[in-house]
Amino acid sequence: MELERTLLSAFPIVLLIWMMTKKRALPSHIALPITALLVGLIQLFYFQSAGRLMGANVISGVLSVLTPISIIAGAILLNRVLAISGAEKVIGRWLDSISTNAVAQLMIIGWAFAFMLEGASGFGTPAAIAAPMLVGLGFAPLNVAIFALIMNSVPVSFGAVGTPIWFGLEALNLSPEQLLSVSSQTALINLFAALVVPILALKFVVNWHLIRRNIVFILLSILSCTLPYYVLANWNYEFPSLIGGAIGLMLSIVFAKADIGLNAAEHDLPKGVRVPFREVFTAVLPLVLLIVILIVTRISQLGIKGLLTNPQAWLGMDVGASHLGVSQSLVISFENILSTSVSWSYKTLYVPALIPFMLVVLVSIPLLKMTGRQVKEAFSETGRRVRLPFVSLAGALVMVNLMMLGGENSPIFLIANAFADATGSSWSLFAALLGALGSFFSGSATVSNLTFGGIQQSIAEQVGLSTTLILALQSAGAAMGNMVCINNIIAVSTILGISNKEGFIIKKTIIPMMAYAVIAALVGIVLASGGI
């Protein structure tokens with residue numbers, strides 16, 4: 001009986017993986033809703049869950065999409081504004097002019113600049129901006145695609161202002177201290193992986209000879225991003241990639257201009273045209289404003305965070321036994337949905353959609369002298385791009401909510417129990433791979449954490465492992481899974497005009513991903529033993 005329940009609980013997940021990895025794979029916006037429906041049917045007819053409670057969780061899951069989708073929309077909108085206005089090209093020309101050393105260009109644009117972009121917006125933005133810049137410098141498109149996918153891994157755990165951490169693990173009811181512990185350990189795992197991963201990525205674009213002769217600069221550029229990234233992750237899980245990338249970008253530029261760690265004889269790219277300071281300043285000002293506003297609104301001591309999250313009621317109305325309310329800081333809440341204990345809330349001013357993304361966009365429109373036609377184009381493109389992610393996220397969130405119904409008899413608990421029995425205390429060796437699997441089929445580290453976070457938590461509790469360590473491995477694994485994610489591969493290939501090379505790219509990127517997994521497992525063992 002127990003085996004039957006476990007197999008039936010795992011069946012939707014296995015089906016989901018098959019649907020998204022078979023020869024004619026289904027996209028996530030189809031596969032995830034199908035899986036959510038199947039989980040609902042199993043809960044209703046096999047586990048005999050209460051229909052009202054299931055309905056409340058479905059409503060909560062769909063409403064919860066508003067948080068990540070509004071962030072995605074804001075990120076895409078800002079990206080489109082920079083691209084359509086021409087600011088993106090100015091930034092590209094400026095970065096081109098910094099150094100004529102191939103390794104320096106690859107690390108500045110493909111590592112540090114992409115690192116910062118991932119922290120600010122995520123959701124494919126780094127590849128969309130950085131990869132075309134590198135192709136414009138003369139690097140082969142297919143090699144750049146592989147390089148960009150591998151590089152866009154370490155910062156992903158804290159991408160889009162930390163969304164994979166604070167939203168992806170939200171359903172687990174972790175304390176603030178536990179969430180910071182997950183943040184710190186995730187950053188430490190990624191810090192060690194970063195000493196290897198960028199070097200493996202460079203090998204797909206330049207030869208080992210160039211890498212060896214410029215290894216000092218490479219390591220300086222890596223550490224310029226990852227050391228502040230790790231330090232920040234110990235007290236905040238929103239800024240590590242954003243601020244770490246910004247610091248790393250500035251330091252990498254300084255090192256490149258001074259030829260620190262670079263082989264002076266290997267300046268083999270054409271010298272870029274010097275871009276006037278005023279043009280550069282205007283083009284990067286939106287990104288600077290984004291970073292400044294995020295910092296100001298996230299530091300509690302400045303008082304603004306409290307104003308944006310004030311829970312004191314302003315408006316409210318009863319909807320049957322449920323209560324719909326709006327606080328003085330426009331926090332929208334829906335409590336006791338369908339007369340159950342299920343609730344939902346959305347922090348309108350604190351979720352980084354209106355502030356800072358929309359605010360920065362509104363400032364950027366006159367700053368970058370955009371025409372009405374350009375503004376309309378930016379908004380319409382954003383609308384088109386968020387439709388399918390909305391459906392994918394809705395499917396994922398509803399599926400996760402339904403999988404967690406039933407306490408110790410829930411499908412997630414039964415799956416976790418099976419993994420725990422099979423691996424015991426050795427689960428820490430495999431935890432990161434489960435996170436990578438989630439990103440592989442869903443296209444998102446956030447969705448991976450949403451999907452498998454509960455399973456990881458249950459396994460850790462059952463085998464006596466540190467919950468925060470296992471969740472950190474899940475988070476790091478979700479980041480490394482970006483390398484082989486089908487959605488990301490298709491996106492960067494489309495941007496660079498590459499056709500029918502998805503299988504070839506996966507065969508190449510899976511090698512550094514497995515190296516990442518080995519490093520994560522080793523660091524996990526050391527952390528579990530108290531060695532760090």
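Since we're looking at a predicted model, the values are computed, not measured. Along the sequence shown, the residues carry numbers beginning at 1.
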Heavy atoms from other residues, nucleotides or ligands near CH2 of W314 exceed 12 (cutoff 6.0 Å):
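12 or below, so no.
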Just wondering, more than 12 heavy atoms not from Y346 lying within 6.0 Å of its OH?
yes
Checking W344 against I59 for the side chain to side chain contact (heavy atoms under 4.5 Å, CB included) test, could you report, in this order, the C-alpha distance in whole Å, the side-chain angles of both residues, the deciding distance, and whether it holds?
CA-CA 9 Å; W344 164 85; I59 293 171; over 6 Å; no
Run L527 and I189 through side chain to side chain contact (heavy atoms under 4.5 Å, CB included) and show every step you take.
CA-CA 9 Å; L527 285 171; I189 293 167; 4.3 Å; yes
Is the shortest side-chain heavy-atom distance between [X] and [Y] below 4.5 Å?
X: V81; Y: Q374; value: no
X: L232; Y: W235; value: yes
X: I69; Y: P389; value: yes
X: L287; Y: L82; value: yes
X: P33; Y: V391; value: yes
X: S428; Y: L473; value: yes

For [X], run the side-chain contact (heavy atoms from CB on, under 4.5 Å) check against [options] and tell me which one passes.
X: F452; options: L471, L434, I415, V400; result: L434
X: L393; options: V65, V62, V386, L388; result: V65
X: V156; options: T446, N482, N190; result: N482

Please evaluate residues Y237 and T186 with respect to the criterion side-chain hydrogen bond (donor to acceptor under 3.5 Å, both in side chains), reporting the C-alpha separation (whole Å), side-chain torsions for both, the decisive distance (0.1 Å), and the verdict.
CA-CA 10 Å; Y237 38 77; T186 299; over 6 Å; no
Output yes when a side-chain donor or acceptor of [X] lies under 3.5 Å from a complementary backbone atom of [Y], and no otherwise.
X: Q474; Y: Q456; result: no
X: S458; Y: G454; result: yes
X: W166; Y: V161; result: yes
X: T226; Y: L191; result: no
X: Q185; Y: I470; result: no
X: S241; Y: G119; result: no
X: S439; Y: A436; result: no
X: S224; Y: G248; result: no
X: W94; Y: V280; result: no

When rounded to the nearest 0.5 angstrom, what distance separates [atom1] in [X] from [atom2] in [Y]?
X: F113; Y: I91; atom1: CZ; atom2: CD1; value: 5.0 Å
X: L359; Y: L354; atom1: CG; atom2: CG; value: 9.0 Å
X: S181; Y: N234; atom1: OG; atom2: CG; value: 9.5 Å
X: L78; Y: T382; atom1: CG; atom2: OG1; value: 9.5 Å
X: Q457; Y: L172; atom1: CD; atom2: CG; value: 4.5 Å
X: R387; Y: F390; atom1: CZ; atom2: CZ; value: 12.5 Å

Pairwise ring-ring contact (aromatic ring centres under 6.0 Å, His included) hits with a residue in residues 30-52, at least two apart:
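ring-ring contact (aromatic ring centres under 6.0 Å, His included) check on residues 30-52 returns no pairs.
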Contacts satisfying side-chain hydrogen bond (donor to acceptor under 3.5 Å, both in side chains) that involve residues 55-69 (not counting sequence neighbours) are none
Pair listing, side-chain hydrogen bond (donor to acceptor under 3.5 Å, both in side chains) test, anchored in residues 279-288, at least two apart
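Sorted pair list: R93-E279.
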Of all residues at least two apart in sequence or in a different chain, which pass the side chain to side chain contact (heavy atoms under 4.5 Å, CB included) check with [X]?
X: S175; value: E177, Q178
X: V296; value: V292, L302, I304
X: S466; value: T468, L469

Cut-off 3.5 Å, no hydrogens considered: what does the side-chain donor-acceptor table look like for residues 5-15, sequence neighbours left out?
| residue | atom | partner | partner atom | Å |
| --- | --- | --- | --- | --- |
| R5 | NH1 | E2 | OE1 | 3.1 |
| R5 | NH2 | N409 | OD1 | 2.9 |
| T6 | OG1 | E2 | O | 2.9 |
| S9 | OG | R5 | O | 2.7 |

Intermediate values then yes/no, side chain to side chain contact (heavy atoms under 4.5 Å, CB included), I291 and F239:
CA-CA 9 Å; I291 295 171; F239 300 141; over 6 Å; no
Can you run down the salt bridge (Lys or Arg N to Asp or Glu O under 4.0 Å) pairs that involve residues 342-354, sequence neighbours left out, and say none if there aren't any?
none
Where at least one partner belongs to residues 236-249, residue pairs that pass salt bridge (Lys or Arg N to Asp or Glu O under 4.0 Å), sequence neighbours excluded:
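Passing the test, one end in residues 236-249: E238-R298.
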Side-chain atoms of residues 322-331: list all donor-acceptor pairs with protein atoms under 3.5 Å, sequence neighbours left out, distances to 0.1 Å.
| residue | atom | partner | partner atom | Å |
| --- | --- | --- | --- | --- |
| S322 | OG | N336 | O | 2.6 |
| S322 | OG | L338 | N | 3.1 |
| H323 | ND1 | M317 | O | 3.4 |
| H323 | ND1 | D318 | OD1 | 2.9 |
| S327 | OG | N310 | O | 2.8 |
| S327 | OG | S329 | N | 3.2 |
| S327 | OG | S329 | OG | 3.3 |
| S327 | OG | V331 | N | 3.0 |
| Q328 | OE1 | N310 | ND2 | 3.4 |
| S329 | OG | L308 | O | 3.4 |
| S329 | OG | N310 | N | 2.9 |
| S329 | OG | N310 | O | 2.8 |

Can you name the residues that form a ring-ring contact (aromatic ring centres under 6.0 Å, His included) with F419, not counting sequence neighbours?
W427
According to ring-ring contact (aromatic ring centres under 6.0 Å, His included), who are the partners of Y229, at least two apart in sequence or on a separate chain?
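With sequence neighbours excluded, Y229 shows a ring-ring contact (aromatic ring centres under 6.0 Å, His included) to F115, F158, given in chain and number order.
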Before giving the answer on side chain to side chain contact (heavy atoms under 4.5 Å, CB included), spell out for R278 and F281 the whole-Å C-alpha distance, their side-chain angles and the decisive distance to 0.1 Å.
CA-CA 5 Å; R278 185 172 180 176; F281 179 78; 5.7 Å; no
Going through the distances and angles, do E335 and S345 end up as a side-chain hydrogen bond (donor to acceptor under 3.5 Å, both in side chains)?
CA-CA 8 Å; E335 299 172 354; S345 67; over 6 Å; no
